[in-house]
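In what follows, a structure is listed as structure tokens, so that the remarks can point back to it.
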Amino acid sequence: MARHSKETTFLELLEPHRRSLYRFCRNIIWDKNDVEDALQTAILSAYKSFDTFQKGGNFKAWIFKFLVNTIYNFNKKHGREDTFETRLDCDELGILEVFEKESMYQEILKDPDRLLEKVDERVKRSLFRLSLSERAVFLLRSIEGLSYKEIAEVLQIPVGTVMSQLSRARARLREFLCDYAKEIGFFADRND
Amino acid sequence: MNCNEVRQFINLFLDSELDARSTLEVSEHLSACESCSRRFTQERKIEGALTSIFSQEAPSTEDEEERVWKSIFSRIRMYEKRRNRGLYMKYSIPIAVGISAFVLITIFNYPRHIDLALEANRCHTEYVENELSPNIETFSEEAVLGYFSGKLDFNLCLPKISRKEIKLVGARSCYLKKVHVAYLMYNYSGVPLSLFIFRDEDLKKFPSAEKELKTHKIIEDKGIRGNNFVAVKTNGAVACAVSEVDLPSLKRIIKGFEERGK
Ligand SMILES: [Zn+2]
């Protein structure tokens, strides 16, 4: 009876976040062949530690922590050893204002839809040009909708670091978007 | 807040991470400043577009995802099964060992009484509790021998009683495990004492007594519901005594039987 309820409770809590966990894992793991193993390892180790989960607590943040740690270990296997605290440059805040492609970005902003309808897989791949921590922070915020505090909990980093990493991730993604726009002749189109 | 200050808060504002006061100030500025408002809307659009790009999954991965989840669920079930088996082993083995030990200790410590002693005691108890009365009430050994004359298929002889404290009370014929016995009732200093005599061939009905008597001349058993038991085999017959009386006294009586038998 107790066994049944533990398993059932866990699976019930897991159900609404399955999609997110899978997607996050795919978006952040270095080697796509590791997706299944990493997810399985993460979920099972979360299940084994389910007793430590505070009833009524934030299950999403709790389980993402297991996934993030597992992915970190899997990436380490491939020599992708960036932790969530490293690669902190000093130009985090306000990077949008100072980055060299600002003018291009301004151009995109004038009519974002015109570029956005042209995006393809290449933009998606640009996500992997972000560091692991930038990618994790960005995905947890934008896609998973976690608060800064929750992200800090998941990645076990200070909220300040979450903010700077997020800001940096956004700036870099916009930079990649500019590169992409240039590549597909977005600005040439307009000038013609 | 001016435009520069407001734009510093763009991420926090879009992420709903600004405190209430700052949120209000930014909102007020945005409703008044068209340039900032447009910028915020466009940023939101870009952010939304990036988010949707990264959250898109190729249709083929949905089946793949389901397969992955199914395998994860089965791993959890397997883990649960193994864990329960583990718990079962963890607790069941010590429990089984404990029970076995208890049973063994009980068996070895529990007084294992001689079968004959138990039967004799049962009959003795019936007599003491007045459920069984003598067929003949007499102090005379001759009367007893006369009573049994022709009733038994073995030569009955009574123990030589030299002590005054033991007195014959009566006798009856009865059965212990379907073995026909001569049952003699005595009184030893006011304490009832039963003596059973039967053909030695019938000893096979009492395997543990038979086994004991092969190696011991006199066998004894004590503490059968507070009674003691002594038995001896001699002259083609077996005699056994049951009483509250102490073992040495019982042995003396039985020895008298043995002497008489010679
Ligand atoms: Zn403004």
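Chain letters run A, B, ... following the sequence lines, proteins first, then strands; residues in each count from 1.
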Checking [X] against chain B: side chain, backbone, both or neither under 4.5 Å from a heavy atom?
{"X": "Leu39(A)", "answer": "both"}
{"X": "Leu116(A)", "answer": "side chain"}
{"X": "Val123(A)", "answer": "both"}
{"X": "Phe138(A)", "answer": "side chain"}

What's the separation between atom [atom1] in [X] and atom [atom2] in [Y], rounded to the nearest 0.5 Å?
{"X": "Arg75(B)", "Y": "Tyr47(A)", "atom1": "CZ", "atom2": "OH", "result": "13.0 Å"}
{"X": "Glu66(B)", "Y": "Tyr22(A)", "atom1": "CD", "atom2": "OH", "result": "9.5 Å"}
{"X": "Gln106(A)", "Y": "Arg39(B)", "atom1": "CD", "atom2": "CZ", "result": "5.0 Å"}
{"X": "Asp15(B)", "Y": "Ser147(A)", "atom1": "CG", "atom2": "OG", "result": "10.0 Å"}
{"X": "Leu50(B)", "Y": "Leu177(A)", "atom1": "CG", "atom2": "CG", "result": "6.0 Å"}
{"X": "Trp69(B)", "Y": "Leu14(A)", "atom1": "CH2", "atom2": "CG", "result": "4.5 Å"}

Exercise for review: Kindly say whether Phe54(B) contributes a backbone atom to a donor-acceptor pair with the side chain of Asn27(A) at under 3.5 angstrom?
Suggested key: yes
Check your understanding: Do side-chain atoms of Glu36(A) reach the backbone of Val68(B) as a donor and acceptor pair under 3.5 angstrom?
Key ->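 Judged by distance alone, no pair lies under 3.5 Å.
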Determine whether more than 12 heavy atoms belonging to other residues, nucleotides or ligands lie under 6.0 Å from atom [atom1] of [X].
{"X": "Gln54(A)", "atom1": "CD", "result": "no"}
{"X": "Arg225(B)", "atom1": "CZ", "result": "no"}
{"X": "Lys32(A)", "atom1": "NZ", "result": "yes"}
{"X": "Lys182(A)", "atom1": "NZ", "result": "no"}

Review point. Relative to chain A, which segment of Arg38(B) carries a heavy atom at a distance below 4.5 Å: side chain, backbone, both, or neither?
Key: neither
Point to revise | Structural part of Ser71(B) lying under 4.5 Å from a heavy atom of chain A | key: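 Contact with chain A is through both the backbone and side chain of Ser71(B).
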Review point. Given Glu47(B) and Arg174(A), is the salt bridge (charged side-chain N to carboxylate O under 4.0 Å, His left out) satisfied, shown in steps?
Key: CA-CA 9 Å; Glu47(B) 182 78 5; Arg174(A) 278 150 182 77; 3.0 Å; yes
Check your understanding: Could you walk me through whether Arg26(A) and Glu65(B) pass the side chain to side chain contact (heavy atoms under 4.5 Å, CB included) check?
Key -> CA-CA 10 Å; Arg26(A) 273 184 65 86; Glu65(B) 188 191 334; over 6 Å; no
Check your understanding: Salt bridge or not for Lys149(A) and Glu17(B), using N-O below 4.0 Å?
Key ->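 Answer for the salt bridge query: no.
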Review point. So, are Asp111(A) and Lys45(B) salt-bridged, with charged N and O less than 4.0 Å apart?
Key: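 Salt bridge absent between Asp111(A) and Lys45(B).
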Exercise for review: Using side-chain contact (heavy atoms from CB on, under 4.5 Å) as the criterion, point out the one residue from Arg23(A), Arg19(A), Glu144(A) that pairs with Ser55(B).
Suggested key: Arg23(A)
Review point. Given the rule in the salt bridge (charged side-chain N to carboxylate O under 4.0 Å, His left out) test, do Lys81(B) and Glu7(A) qualify, once you have shown the distances and angles that lead to the verdict?
Key: CA-CA 11 Å; Lys81(B) 250 186 217 164; Glu7(A) 196 179 326; over 6 Å; no
Check your understanding: How far apart are the closest heavy atoms of Ile46(B) and Pro112(A), and which atoms are they?
Key ->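 It is CD1-CB, 4.0 Å.
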Point to revise | Choice from Arg18(A), Arg141(A), Gln40(A) maximising heavy atom contacts with chain B below 4.5 Å | key: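 The option with the most such pairs is Arg18(A).
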Practice item. Check whether any side-chain heavy atom of Leu12(B) sits under 4.5 Å from a side-chain heavy atom of Tyr148(A), and report yes or no. Key: yes
Practice item. Using the side chain to side chain contact (heavy atoms under 4.5 Å, CB included) rule, take Ile76(B) and Leu11(A) through it: C-alpha gap first, then chi angles, then the decisive distance, then the call. Key: CA-CA 10 Å; Ile76(B) 289 176; Leu11(A) 293 180; 4.1 Å; yes
